[in-house]
Amino acid sequence: MTQALTENQTRWLAELRSGNYKQGKGALHRGDEFCCLGVAAKMFATGDTRVTLAPAVDPEHKVVSYDRNTAMAPPYVVEALGLHDYLGVGLAHSSLSSLNDRGNSFNHIADLIESDPGIYFKCQS
């Protein structure tokens with residue numbers, strides 16, 4: 001039996017499919033581009049989340065830091081989504097960050113997650 005998605009997981013997958021985010025690689029959020037985990041970092045940021053610009057080689061494409069994380073999901077994202085770890089490592093599968101950086105579309109990543117959520121998310125009790 002496939003694990004049911006939580007409300008946060010469902011919202012995140014809908015945002016990945018929304019077309020509201022331009023996909024990028026190598027950082028959670030650089031300029032106007034996002035990694036799949038960067039979408040979650042922006043979505044679940046609260047007033048307590050420290051969002052800052054990190055120095056970048058290209059000043060026009062500054063990297064955004066979420067609670068000092070520029071390439072890995074910050075702890076609040078891991079908690080909000082129930083991820084196994086900060087890279088979205090799936091059990092015996094590629095991490096979400098590597099799927100993103102290898103050019104898999106947000107739609108494809110969302111489809112993979114939905115096909116078997118237990119691979120990427122801890123069991124919800």
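What you see is a predicted model; the values in this text were computed from it and never measured.
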Go through L5 and F121 one step at a time and tell me if the side chain to side chain contact (heavy atoms under 4.5 Å, CB included) criterion holds.
CA-CA 9 Å; L5 294 170; F121 304 125; 3.9 Å; yes
Test L28 against T70 for side chain to side chain contact (heavy atoms under 4.5 Å, CB included), laying out the working first.
CA-CA 6 Å; L28 291 174; T70 60; 5.8 Å; no
What's the verdict on side chain to side chain contact (heavy atoms under 4.5 Å, CB included) for V64 and T52, showing C-alpha distance, side-chain angles and the deciding distance?
CA-CA 6 Å; V64 178; T52 58; over 6 Å; no
Run the side chain to side chain contact (heavy atoms under 4.5 Å, CB included) test on D85 and V78 for me, step by step, so that the C-alpha distance in whole Å, both residues' side-chain angles and the decisive distance to 0.1 Å come before the verdict.
CA-CA 6 Å; D85 73 0; V78 173; over 6 Å; no
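Not a single salt bridge (Lys or Arg N to Asp or Glu O under 4.0 Å) links E79 to another residue, sequence neighbours left out. Judged as a side chain to side chain donor-acceptor pair (under 3.5 Å), and not counting sequence neighbours, the contacts of Y66 are H29. With sequence neighbours excluded, the residues forming a side chain to side chain donor-acceptor pair (under 3.5 Å) with D111 are R17, listed by chain and number. Applying the side chain to side chain contact (heavy atoms under 4.5 Å, CB included) rule to S95 yields the partners L87, V89, S97, S98; only residues at least two apart in sequence or on another chain are considered. Applying the side chain to side chain donor-acceptor pair (under 3.5 Å) criterion to R11, with sequence neighbours excluded, gives N8. Residues forming a side chain to side chain donor-acceptor pair (under 3.5 Å) with Q23 (at least two apart in sequence, or on another chain): N100. For the side chain to side chain contact (heavy atoms under 4.5 Å, CB included) test, residues two or more places apart in sequence or in another chain that qualify with D101 are K25. Qualifying ring pair (Phe, Tyr, Trp, His ring centres under 6.0 Å) partners for Y21, counting only residues two or more places apart in sequence or in other chains: F34.
Summarising the geometry of L83 relative to K122, their closest heavy-atom pair is O-CE, 3.1 Å, with the distance given to 0.1 Å. Of all non-hydrogen atoms in V77 and A41, the two that sit nearest each other are CG2-CA, 3.5 Å. Across all non-hydrogen atoms, the minimal contact from R68 to S65 is CA-OG, 3.0 Å. Of all non-hydrogen atoms in T6 and Q9, the two that sit nearest each other are N-OE1, 2.8 Å. Taking every heavy atom of both residues into account, L37 and A73 meet most closely at CD1-CB, 4.3 Å. Heavy-atom minimum distance, G26 versus A71: O-CB, 4.4 Å.
With values rounded to the nearest 0.5 angstrom, L16 atom CG is found 12.5 Å from H108 atom NE2. For the atom pair CD1 of I113 and CD1 of I119, the computed distance is 10.0 Å after rounding to the nearest 0.5 Å.
Between the side chain of E33 and the backbone N or O of K22 there is no donor-acceptor pair closer than 3.5 Å. For W12 (side chain) and C36 (main-chain N/O), a donor-acceptor pair under 3.5 Å exists by modelled atom type. Of the possible donor and acceptor atoms, one in the side chain of S18 sits under 3.5 Å from a partner among the backbone N and O of N20. No donor-acceptor pair under 3.5 Å is formed between the side chain of D67 and the backbone N or O of T49.
Sorted by first then second residue, the salt bridge (Lys or Arg N to Asp or Glu O under 4.0 Å) pairs that include residues 41-53, not counting sequence neighbours, number zero.
Checking S94 against R102 by side-chain atom types alone, a donor-acceptor pair falls below 3.5 Å.
By the neighbour-count criterion of 12 heavy atoms within 6.0 Å, atom OH of Y76 is densely surrounded, having more than that number from other residues, nucleotides or ligands.
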